[in-house]
Amino acid sequence: MKKYYLVFFCLAITLHNLEEALWLPKWSQLDTSFQKTVTPNEFHFAVLIITALAYLVTFLYINFSKSNVIKWAFIGFLGSMIFNAIFPHLIVTLLMKTYAPGLATALILNIPINTVILYKLNALNLVTLKEIVISTVVIGMILLAMIPPLFMLGGSLINY
């Protein structure tokens, strides 16, 4: 697989997280049960760490693609970002009847780019569908579990 395909993942997640960073903190102030209110400091810190982690996992996969753990972390990140486009972005937008920040970049960038990368990795027999599904679930759960502590840490670090 051509390495530059993998860099497109970094571009997509960066633009997606930038869109969220610009508008999600204010959007989270809406009266809704779908999103916990988050301050810009909390969100910006969390999204910076998640984005840096995406770059780290991509760099590690490019340089150590034979490592199963690194491969699973990378494909899990790809799958998680595809899943994230649907749950919560698309679903929340439809249920609230208001645009959820991050939806455009999730649909235009994350889904197509990550799907192409996963398809190519599978077509080259570098990953199986089972690996994609399991990695997506595991990495998705890890990323979800990281968000509240990152918000808390971001809020306390910035206010320190």
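Note: hydrogens, waters and symmetry copies are ignored here, and every other heavy atom, side chains too, is used.
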For Thr98, give me all partners under side chain to side chain donor-acceptor pair (under 3.5 Å), at least two apart in sequence or on another chain.
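Expected list: none.
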
With Tyr4, which residues qualify under ring-ring contact (aromatic ring centres under 6.0 Å, His included), at least two apart?
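For Tyr4, no residue satisfies ring-ring contact (aromatic ring centres under 6.0 Å, His included) once neighbours in sequence are set aside.
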
Among all residues two or more places apart in sequence or in another chain, which pass the ring-ring contact (aromatic ring centres under 6.0 Å, His included) test with Phe151?
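Applying ring-ring contact (aromatic ring centres under 6.0 Å, His included) to Phe151 gives none.
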
Please enumerate all residues that pass side-chain contact (heavy atoms from CB on, under 4.5 Å) together with [X], with sequence neighbours excluded.
X	result
Phe59	Asn63
Pro40	Pro25, His44
Ile86	Leu90, Ile91, Ile111

Write out all pairs satisfying salt bridge (Lys or Arg N to Asp or Glu O under 4.0 Å) with one or both partners inside residues 101-116, taking only residues at least two apart or from two chains.
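For residues 101-116: none.
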
Pairs touching residues 147-156 that satisfy salt bridge (Lys or Arg N to Asp or Glu O under 4.0 Å), sequence neighbours left out:
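Sorted result for residues 147-156: empty, none.
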
Please round to the nearest 0.5 Å and tell me the distance separating atom CG of Leu24 and atom NZ of Lys26.
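Leu24 CG to Lys26 NZ: 13.0 Å, rounded to 0.5 Å.
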
In Å and rounded to the nearest 0.5 Å, what is the CG to CD1 distance from Leu150 to Ile49?
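Result: 6.5 Å between the selected atoms.
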
Acceptor/donor pairs from residues 8-16 side chains to any protein atom, 3.5 angstrom cut, sequence neighbours excluded:
{"from": "Thr14", "atom 1": "OG1", "to": "Cys10", "atom 2": "O", "distance (Å)": "2.7"}
{"from": "Thr14", "atom 1": "OG1", "to": "Tyr55", "atom 2": "OH", "distance (Å)": "2.7"}
{"from": "His16", "atom 1": "ND1", "to": "Gly102", "atom 2": "O", "distance (Å)": "3.1"}
{"from": "His16", "atom 1": "ND1", "to": "Thr105", "atom 2": "OG1", "distance (Å)": "3.0"}
{"from": "His16", "atom 1": "NE2", "to": "Glu20", "atom 2": "OE2", "distance (Å)": "3.3"}
{"from": "His16", "atom 1": "NE2", "to": "His89", "atom 2": "NE2", "distance (Å)": "3.4"}

Please tabulate, one pair per line, all N/O donor-acceptor pairs under 3.5 Å involving side-chain atoms of residues 68-78, not counting sequence neighbours.
{"from": "Asn68", "atom 1": "OD1", "to": "Lys71", "atom 2": "NZ", "distance (Å)": "3.4"}
{"from": "Lys71", "atom 1": "NZ", "to": "Leu126", "atom 2": "O", "distance (Å)": "3.1"}
{"from": "Lys71", "atom 1": "NZ", "to": "Glu131", "atom 2": "OE2", "distance (Å)": "3.1"}
{"from": "Trp72", "atom 1": "NE1", "to": "Glu131", "atom 2": "OE2", "distance (Å)": "2.8"}

Suppose the criterion is side-chain hydrogen bond (donor to acceptor under 3.5 Å, both in side chains): which pairs have a residue in residues 118-127, not counting sequence neighbours?
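Sorted result for residues 118-127: empty, none.
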
ILVMFWY clustering at 4.5 Å (side-chain atoms), partners of Leu18:
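Leu18 clusters with Leu22, Trp23.
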
